[in-house]
Amino acid sequence: MGQFAWLEQVATLSTMLDTLEDRIAHGDLGTPGLEDFKSVLDDLRLRAWSLLMATSSDDPHGFQERFRTRRGTEMCRALCTDLRTGKLSGRQPELPTLGAAARDLSAAVKEVGPRPPKRRGKDAV
């Protein structure tokens, strides 16, 4: 059995989603099958998650934490890019709430993140 073409499949799904977003952005709100497509993607995500968990059974909790952190990072970067390029409208009423959540997250990361070592000797403040 040959190796599964992950990159090609991901590219195909991304292209499909881009096409759907473009159609909706241009007023085609009657996209047939969109709910079914979403359901299939949800199922795919859950099944892929279980496969990933099976391959990382030594530390499943650590794996989940890394996954969530990486996904959050991807989402933040994508939102920043979309706002800066105009793909996401600055007129969205949810943006102030998003900004507040981002500030809260930033503060929480600083609270729990690694701290620089304390200085000793005559250089200490």
Side-chain angles (χ1 to χ4, degrees):
M1 183 174 188
Q3 187 172 2
F4 189 76
W6 291 108
L7 293 177
E8 290 84 358
Q9 297 302 320
V10 169
T12 299
L13 286 172
S14 292
T15 299
M16 290 171 64
L17 289 171
D18 288 342
T19 301
L20 285 171
E21 285 179 340
D22 286 343
R23 288 178 62 182
I24 290 171
H26 290 95
D28 184 5
L29 301 179
T31 308
L34 184 56
E35 287 184 39
D36 291 336
F37 182 66
K38 183 211 175 284
S39 293
V40 169
L41 286 179
D42 287 344
D43 184 54
L44 176 66
R45 181 183 169 276
L46 291 172
R47 293 171 73 184
W49 176 254
S50 68
L51 290 171
L52 287 170
M53 290 302 297
T55 63
S56 181
S57 61
D58 288 347
D59 184 13
H61 182 71
F63 178 82
Q64 286 177 319
E65 287 182 344
R66 288 188 304 279
F67 179 84
R68 289 182 66 200
T69 303
R70 289 176 187 151
R71 182 67 181 129
T73 300
E74 290 170 4
M75 290 186 72
C76 287
R77 288 184 176 150
L79 284 167
C80 285
T81 298
D82 290 351
L83 281 167
R84 289 183 178 131
T85 61
K87 187 174 182 179
L88 180 64
S89 168
R91 298 182 307 251
Q92 294 298 320
E94 295 86 359
L95 285 178
T97 304
L98 176 62
R103 286 187 295 279
D104 291 345
L105 177 60
S106 178
V109 168
K110 287 177 184 172
E111 288 174 15
V112 300
R115 303 194 192 315
K118 291 186 178 184
R119 297 172 71 182
R120 296 183 179 207
K122 64 181 180 180
D123 292 334
V125 178

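Values reported hereafter were calculated over all heavy atoms of this structure, with side chains retained and with hydrogens, waters and symmetry mates removed.
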**OP:** Measure the CD-CD1 distance between E21 and I24 for me, rounded to the nearest 0.5 Å.
**Re:** 8.0 Å

**OP:** Please answer whether the main-chain N or O of A102 pairs with a side-chain N or O of S106 as donor and acceptor at a distance below 3.5 Å.
**Re:** no

Original post:
Roughly how far, to the nearest 0.5 Å, is the CZ atom of R70 from the CD atom of E74?
Top reply: 9.0 Å

Subject >> L98-L88 co-clustered via ILVMFWY side chain contacts under 4.5 Å >> reply: yes

**OP:** Before giving the answer on side-chain contact (heavy atoms from CB on, under 4.5 Å), spell out for L13 and L44 the whole-Å C-alpha distance, their side-chain angles and the decisive distance to 0.1 Å.
**Re:** CA-CA 11 Å; L13 286 172; L44 176 66; 3.9 Å; yes

Original post:
Atom CZ in R68, atom OG1 in T73: separation rounded to 0.5 Å?
Top reply: 12.0 Å

Original post:
Just wondering, do L83 and L95 contact through their side chains at under 4.5 Å, heavy atoms?
Top reply: yes

Original post:
Taking a hydrophobic cluster as the set of Ile, Leu, Val, Met, Phe, Trp and Tyr residues connected by side-chain heavy atoms closer than 4.5 Å, whether directly or through intermediates, do L17 and L34 fall within one such cluster?
Top reply: yes

Subject >> Gap between atom CZ of R71 and atom SG of C76 - 0.5 Å precision >> reply: 10.5 Å

Original post:
Could K38 and E35 be called an ion pair, given the rule that one side-chain N must be under 4.0 Å from one carboxylate O?
Top reply: no

